[in-house]
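Worksheet for the structure shown next.
Everything numeric here is computed off the predicted structure, so don't read it as measured data.
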Amino acid sequence: MVSLPLVYTILALVAYTASFWYLFVHLMSKRIPNQWFVGITAALGLVLHGMVLYGDMHTPMGINYDVFVLVSFTSGLLLLLSLAYSTYRPILPLNLIGIPVAATGLILGFAFTPQAKIIVQNSLGLDIHIILSLSAYAVLLMATIQAVILRFQDRELKKKQKRRVWVNLLPSYQDMESLLFDMLMTGFVLLTIALGFGFFTIDDFFAQHLAHKTVFSIISWLVYGALLIGHWKFGWRGQKAVRFTLIGFGLLALGFIGSKFVLEMLLNK
């Protein structure tokens, strides 16, 4: 008997494929794609993706935080944001990256999530803190990748190269820079709310070995906040924005990955 999650996964992949190929064919033939068709088919895939993800992630015993479930969650979130940004920014071609990423995450989540699911029982507030934190990390990772692409585009523009790969394939530098600040604002808001929930739901930061992660997260939050205020008040942009973005995510990654390494590899906890 065919399971519903399998049916939903197949239908989601069909929707993702239709959206991707329609967009790809139109862009390659230099025709203007219908944004509504791309958005609706990709959104249908996301809804089905979400139904599969909900079954994997939500259990009567608690939330399943298996790594492949989180990959599926993150990839779906990235596409959701990509579609949302493309409704008011001329960046529809970037969904050629977002759609395959979401499809790959869906396949990995469905295929490799273990039957004996890894369940973590937390309070509702702590689960919200974790989900918001993961969402903030995902969005700020998107912003970091965007910042790296902007650096490549800036280099091609300044050196006046004849073969401009990043400039020719992607939206204009101005549009890409505006998208960067959209991502930074979204990630900053999510990180702010996540930190707020963390302070109210975590009982003892030192006993739970979260002090160093919290410190790095707060410093990263200050870096992102300074960049957004500087952009709004002083017009910071360009390579200064790229540097601040890379530093902010570096601190965030150091707090998250560094604490995991210390606890699991050095302290064996």
Please find the pair of heavy atoms, one from [X] and one from [Y], that lie closest to each other, and give the distance.
{"X": "T41", "Y": "V38", "value": "OG1-O, 3.2 Å"}
{"X": "L46", "Y": "L83", "value": "CD1-CD1, 3.8 Å"}
{"X": "L184", "Y": "A143", "value": "CD2-CB, 3.8 Å"}
{"X": "A136", "Y": "G187", "value": "CB-O, 4.0 Å"}
{"X": "L92", "Y": "L23", "value": "O-CD2, 3.6 Å"}
{"X": "L132", "Y": "A194", "value": "CB-CB, 3.7 Å"}

To the nearest 0.5 angstrom, please state how far the [atom1] atom of [X] sits from the [atom2] atom of [Y].
{"X": "M142", "Y": "L78", "atom1": "CE", "atom2": "CG", "value": "5.5 Å"}
{"X": "F20", "Y": "T17", "atom1": "CZ", "atom2": "OG1", "value": "9.0 Å"}
{"X": "I130", "Y": "F197", "atom1": "CD1", "atom2": "CZ", "value": "12.5 Å"}
{"X": "T144", "Y": "M183", "atom1": "OG1", "atom2": "CE", "value": "10.0 Å"}
{"X": "F73", "Y": "D56", "atom1": "CZ", "atom2": "CG", "value": "13.5 Å"}
{"X": "L170", "Y": "L179", "atom1": "CG", "atom2": "CG", "value": "10.5 Å"}

Short side-chain to backbone donor-acceptor contact, [X] and [Y], under 3.5 Å:
{"X": "Q153", "Y": "P171", "answer": "yes"}
{"X": "S220", "Y": "F249", "answer": "no"}
{"X": "S86", "Y": "S82", "answer": "yes"}
{"X": "Y22", "Y": "N34", "answer": "yes"}
{"X": "S19", "Y": "Y16", "answer": "no"}
{"X": "T113", "Y": "F110", "answer": "no"}

Please determine, by modelled atom types, if [X] and [Y] share a side-chain donor-acceptor pair under 3.5 angstrom.
{"X": "D127", "Y": "Y65", "answer": "yes"}
{"X": "Y8", "Y": "H49", "answer": "no"}
{"X": "T245", "Y": "Y224", "answer": "no"}
{"X": "D175", "Y": "S178", "answer": "no"}
{"X": "D182", "Y": "Y88", "answer": "yes"}

Qualifying residue for side-chain contact (heavy atoms from CB on, under 4.5 Å) with V242, from E177, R151, R237: R151
State yes or no: do [X] and [Y] share one hydrophobic cluster built from I, L, V, M, F, W and Y residues joined by side-chain heavy-atom distances below 4.5 Å, directly or via other members?
{"X": "I218", "Y": "F188", "answer": "yes"}
{"X": "I229", "Y": "F244", "answer": "no"}
{"X": "I32", "Y": "V25", "answer": "no"}
{"X": "I40", "Y": "I91", "answer": "no"}
{"X": "L106", "Y": "L4", "answer": "yes"}

Heavy-atom side-chain proximity of [X] to [Y] below 4.5 angstrom:
{"X": "V223", "Y": "L251", "value": "yes"}
{"X": "L252", "Y": "F216", "value": "no"}
{"X": "M57", "Y": "D66", "value": "no"}
{"X": "L195", "Y": "S217", "value": "yes"}

side-chain contact (heavy atoms from CB on, under 4.5 Å) between L13 and I107, worked out: CA-CA 9 Å; L13 292 175; I107 293 170; 4.0 Å; yes
Is it the case that more than 12 heavy atoms not belonging to [X] sit under 6.0 Å from its [atom1] atom?
{"X": "F234", "atom1": "CZ", "value": "no"}
{"X": "F37", "atom1": "CZ", "value": "yes"}
{"X": "F24", "atom1": "CZ", "value": "no"}
{"X": "R89", "atom1": "CZ", "value": "yes"}

Ring geometry between H231 and F181 (parallel below 30°, tilted from 30 to 60°, perpendicular above 60°): parallel
